[in-house]
**Q** 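Below: one structure in structure tokens.
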Amino acid sequence: MIVILKENPEQKQLDNLIAWLKSMDLSIHVSEGTHHTVLGLIGDTTIVDIDLISALDIVEDVKRIAEPFKNANRKFHPDDMVIDVSGRKIGGGNFALIAGPCSIESAEQITNVAKQVKDAGAQFLRGGAFKPRTSPYAFQGLREAGLELLTSAKRDADMPIVTEIMDPSQLPFFENVDIIQVGARNMQNFELLKELGKTDKPILLKRGLSSTIQELLMSAEYIMAGGNEKVILCERGIRTFETYTRNTLDLSAIPLIKKLSHLPVIVDPSHATGIASLVKPMALAATAAGADGLIIEVHHDPAHALCDGQQSITPSEFKSLVDCINAILPYSYKRK
């Protein structure tokens, strides 16, 4: 249930209303928009008398919400969420480029790629230290040593870093990580999501391989219910009957999620297609569809990458892509 207040409500009346609602064992989410303040009521709202609340002087409207996700619902938070990471913003008209190798392989590799993607226009550096792989014999990442190399590249390039976590026990190693990524395989690892809800770091939450949009938003709800509202949603392709591409990129998810939720939505065209030559057209399509950013795999030598080289583009290809993105960005769907 949401309670929409009139403009500039009297503070004492607002405090009394919130106190009364809390006395019914409800949690109250307060969202102050451009023109209205919205109270989101979380809990058993069947006991709430809508007519009684509607009659209050400071109340403009009261609505029940059918969707099971509350904190992630745009009705609770009409304005776009803007996530600020060291001065780099994501959401609310701010377009973010996250780029780097799938896996951290060496100090020279991550440092050189970091410099090149930054020079090309990326604001964030990505790199995998802990790698969930389908085969137990595949390269699993450098783990803690990889995080140290990524942190060093962060200092050298002066770029916030994004990397994936696989288990709550790894959280102590992520102290210097700016954005924690939850991969598609862990989207419904609810114990992990609960722990991330207790942190104050932005969480990049990838859509599961076979997950619906509602399931993605419910996973975001797990994080937000714990107190961490800094969630970035990522469409990275879903599994379908098509075999020519690694996954099927669901571009319709971008405007649909943005209609349902205030959270930023970015797109991963690398994992969505699994083919380097398709990264550019899908990245441009995602930009035109209104995405708040892109996360792209960039490797200096894709043919010899230890992980996902077939879907990685080179730094020069990334630079060409950024130039095209900048050309169409002002005309993208609902871009502010």
**Q** Are the side chain of S312 and the backbone N or O of H299 linked by a donor-acceptor pair below 3.5 Å?
**A** no
**Q** Look up atom CG in D79 and atom OG in S31, then write down how far apart they are to the nearest 0.5 Å.
**A** 6.5 Å
**Q** Would you tell me whether R64 and T45 have side-chain atoms, one donor and one acceptor, within less than 3.5 Å of each other?
**A** yes
**Q** Are side-chain heavy atoms of Q13 and D57 found at a separation under 4.5 Å?
**A** yes
**Q** Checking S210 now: which residues fulfil side-chain hydrogen bond (donor to acceptor under 3.5 Å, both in side chains) with it, not counting sequence neighbours?
**A** none
**Q** Can you find a pair of side-chain heavy atoms, one from D292 and one from F95, that are under 4.5 Å apart?
**A** no
**Q** Apply the side chain to side chain contact (heavy atoms under 4.5 Å, CB included) test between L193 and each candidate in N228, I223, V231, N186; give the one that qualifies.
**A** I223
**Q** Is the closest side-chain heavy-atom distance between M81 and I232 below 4.5 Å?
**A** no
**Q** Should R207 and D268 count as an ion pair when the cut-off is N to O under 4.0 Å?
**A** no
**Q** Please examine the side chains of E235 and K206, heavy atoms only from C-beta on, and report whether any two atoms are closer than 4.5 Å.
**A** no
**Q** Decide whether T111 and R155 meet the rule of one side-chain donor and one side-chain acceptor closer than 3.5 Å.
**A** no
**Q** For residues L216 and S211, determine if any side-chain heavy atom of one lies less than 4.5 Å from a side-chain heavy atom of the other.
**A** no
**Q** Hey, does the side chain of Q116 reach the backbone of V298 with a donor-acceptor pair shorter than 3.5 angstrom?
**A** no
**Q** Does any donor atom in the side chain of S320 or E317 lie under 3.5 Å from an acceptor atom in the other side chain?
**A** no
**Q** Is there a side-chain contact between Q214 and M218, using heavy atoms and a 4.5 Å cut-off?
**A** yes
**Q** Could you go through D84 and K230, starting from their C-alpha distance and side-chain angles, then the distance that decides it, and tell me whether this counts as salt bridge (charged side-chain N to carboxylate O under 4.0 Å, His left out)?
**A** CA-CA 9 Å; D84 191 314; K230 301 174 185 176; over 6 Å; no
**Q** May I ask you to list the residues sharing a hydrophobic cluster with M24, side-chain cutoff 4.5 Å, ordered by chain and number?
**A** M1, V3, L5, L14, L17, I18, W20, L21, L26, I28, V30, L39, L41, I47, V48, I50, L52, I53, L56, I58, V59, V62
**Q** Hey, is CG on D49 packed in by over 12 heavy atoms from elsewhere, all under 6.0 Å?
**A** yes
**Q** Does atom CG (D25) have a neighbourhood of more than 12 heavy atoms from anything else shown, all under 6.0 Å?
**A** no
**Q** Output side-chain donor-acceptor pairs under 3.5 Å for residues 175-184, partner residues at least two apart or in another chain, one line each.
**A**
{"residue": "D178", "atom": "OD1", "partner": "K154", "partner atom": "NZ", "Å": "3.4"}
{"residue": "D178", "atom": "OD2", "partner": "K154", "partner atom": "NZ", "Å": "3.1"}
{"residue": "D178", "atom": "OD2", "partner": "I161", "partner atom": "N", "Å": "2.8"}
{"residue": "Q181", "atom": "NE2", "partner": "E164", "partner atom": "OE1", "Å": "3.4"}

**Q** Could you check whether Q140 and R133, counting side-chain N and O atoms only, form a donor-acceptor pair closer than 3.5 Å?
**A** no
**Q** Salt bridge or not between D80 and R74? Use side-chain N to carboxylate O under 4.0 Å.
**A** yes
**Q** Report the hydrophobic cluster partners of F76, with the cluster defined as I, L, V, M, F, W, Y residues connected by side-chain heavy atoms closer than 4.5 angstrom, directly or transitively.
**A** I2, I4, V38, I42, I65
**Q** When Ile, Leu, Val, Met, Phe, Trp and Tyr are grouped by side-chain heavy atoms lying under 4.5 Å apart, directly or through other members, which residues fall in the same group as L278?
**A** I275
**Q** For K89, what residues pass the side-chain hydrogen bond (donor to acceptor under 3.5 Å, both in side chains) criterion, not counting sequence neighbours?
**A** none
**Q** Does E32 CD have over 12 foreign heavy atoms under 6.0 Å away?
**A** no
**Q** Working to the nearest 0.5 angstrom, can you tell me the gap between F124 CZ and K118 NZ?
**A** 12.0 Å
**Q** Does atom NZ of K115 have more than 12 heavy-atom neighbours from other groups under 6.0 Å away?
**A** no
**Q** If we only count heavy atoms from C-beta on, is the I165 to F130 side-chain gap below 4.5 Å?
**A** no
**Q** Taking the side chain from S261 and the backbone from I257, do they hold a donor-acceptor pair closer than 3.5 Å?
**A** no
**Q** How about CD on E7, more than 12 heavy atoms from neighbouring residues, nucleotides or ligands closer than 6.0 Å, or not?
**A** yes
**Q** Quick check: is I296 connected to I328 through a chain of hydrophobic side chains (ILVMFWY, heavy atoms under 4.5 Å apart)?
**A** yes
**Q** With a 4.5 Å limit on heavy-atom distance, are the side chains of V322 and V117 in contact?
**A** no
**Q** Between H29 and E229, do the side chains contain an N or O donor and an N or O acceptor separated by less than 3.5 Å?
**A** yes
**Q** Could you report the tightest heavy-atom contact between A72 and L217, atom names first, then the distance?
**A** CB-O, 4.2 Å
**Q** Side chains of D15 and Q11: do they bring a donor and an acceptor to under 3.5 Å?
**A** yes
**Q** Without swapping roles, check the side chain of E67 against the backbone of F69 for a donor-acceptor pair under 3.5 Å.
**A** no
